[in-house]
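Residue numbers start at 1 and run along the sequence shown. No experiment lies behind these values; they were computed from the predicted model shown.
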Amino acid sequence: QVQLVESGGGLGQPGGSLRLSCAASGIIFRITGMGWYRQAPGKQRELVATISSGSYTNYADSVKGRFTISRDNGKNTVTLQMNSLKPEDTAVYYCKAVANAGWAVEYWGQGTQVTVSS
């Protein structure tokens, strides 16, 4: 059973910090990349940050300098450190893992709510 379990969501203050974590299990193929996406009400899901097994990172312009993505390849976990939070960061955040089964296979977590307000 493949599972991606997110944790760390909740209520954050503007200018504050939250840390999201995601642990992948049950994936027998090599995970080549992991990342975070988010979806706000009435909007499409968008990329937040991704990281490869070689630690190459990619960030949305809106979060550069504020968010940091990292991973532990041995544990198949990915973390998103969110600093300097803004109300527009409010969304459901989804964890994604990409595995190599001869082709790219995507797995998604159930999502965790992040709300930034005072």
Side-chain angles (χ1 to χ4, degrees):
Q1 183 76 20
V2 174
Q3 287 187 303
L4 273 69
V5 181
E6 299 113 331
S7 62
L11 178 63
Q13 297 289 324
S17 298
L18 285 173
R19 185 176 183 179
L20 305 182
S21 295
C22 173
S25 63
I27 303 176
I28 64 174
F29 304 108
R30 180 183 180 188
I31 296 176
T32 56
M34 301 187 77
W36 291 94
Y37 293 71
R38 67 186 182 187
Q39 187 168 23
K43 296 185 178 180
Q44 293 185 334
R45 187 174 299 185
E46 64 177 0
L47 180 148
V48 177
T50 60
I51 185 168
S52 71
S53 59
S55 296
Y56 289 97
T57 58
N58 182 44
Y59 295 92
D61 289 340
S62 60
V63 307
K64 286 182 179 179
R66 301 189 298 117
F67 292 8
T68 302
I69 188 170
S70 61
R71 67 180 292 181
D72 184 327
N73 292 335
K75 297 181 179 180
N76 287 334
T77 60
V78 62
T79 299
L80 185 69
Q81 179 67 45
M82 303 185 293
N83 297 327
S84 302
L85 287 168
K86 301 177 180 180
E88 50 262 45
D89 294 322
T90 296
V92 177
Y93 284 70
Y94 297 90
C95 175
K96 184 181 80 171
V98 179
N100 185 356
W103 60 94
V105 180
E106 297 185 356
Y107 302 95
W108 291 88
Q110 292 297 113
T112 184
Q113 177 70 48
V114 171
T115 302
V116 182
S117 69
S118 58

Test item: T90 side-chain N/O and V116 main-chain N/O as donor-acceptor pair under 3.5 Å: yes
Determine yes or no for a side-chain-to-main-chain donor-acceptor pair under 3.5 angstrom, with E6 supplying the side chain and Q110 the backbone. yes
For [X] and [Y], which heavy atoms make the closest approach, and how far apart are they?
X    : Y   : value
G12  : L85 : CA-CD1, 4.3 Å
S84  : S17 : N-OG, 4.5 Å
G109 : Y94 : O-CD2, 3.6 Å
A40  : A91 : N-CB, 3.8 Å

Less than 4.5 Å apart, any side-chain heavy atom of [X] and any of [Y]?
X   : Y   : answer
N76 : S25 : no
L4  : I27 : yes
R30 : S53 : yes

Residue pair S21, T77: steps toward the side chain to side chain contact (heavy atoms under 4.5 Å, CB included) verdict: CA-CA 7 Å; S21 295; T77 60; over 6 Å; no
Point-to-point distance, once rounded to the nearest 0.5 Å, from [atom1] of [X] to [atom2] of [Y]:
X    : Y   : atom1 : atom2 : result
I51  : W36 : CD1   : CH2   : 12.5 Å
L18  : L11 : CG    : CG    : 8.0 Å
M34  : T50 : CE    : OG1   : 11.5 Å
I69  : Q81 : CD1   : CD    : 12.0 Å
R19  : M82 : CZ    : CE    : 11.5 Å
Y107 : I31 : OH    : CD1   : 8.5 Å

So if I apply the side-chain contact (heavy atoms from CB on, under 4.5 Å) rule between R38 and each of V114, T112, V92, D89, which one comes out positive? D89
Any link between V5 and V78 through a network of hydrophobic side chains (Ile, Leu, Val, Met, Phe, Trp, Tyr) touching at under 4.5 Å? no
In the single-linkage hydrophobic clustering (I, L, V, M, F, W, Y; side-chain heavy atoms under 4.5 Å), do Y59 and Y37 co-cluster? no
Would you say CD of Q44 has more than 12 non-hydrogen atoms from neighbouring residues, nucleotides or ligands within 6.0 angstrom? no
Ring geometry between Y93 and F67 (parallel below 30°, tilted from 30 to 60°, perpendicular above 60°): tilted
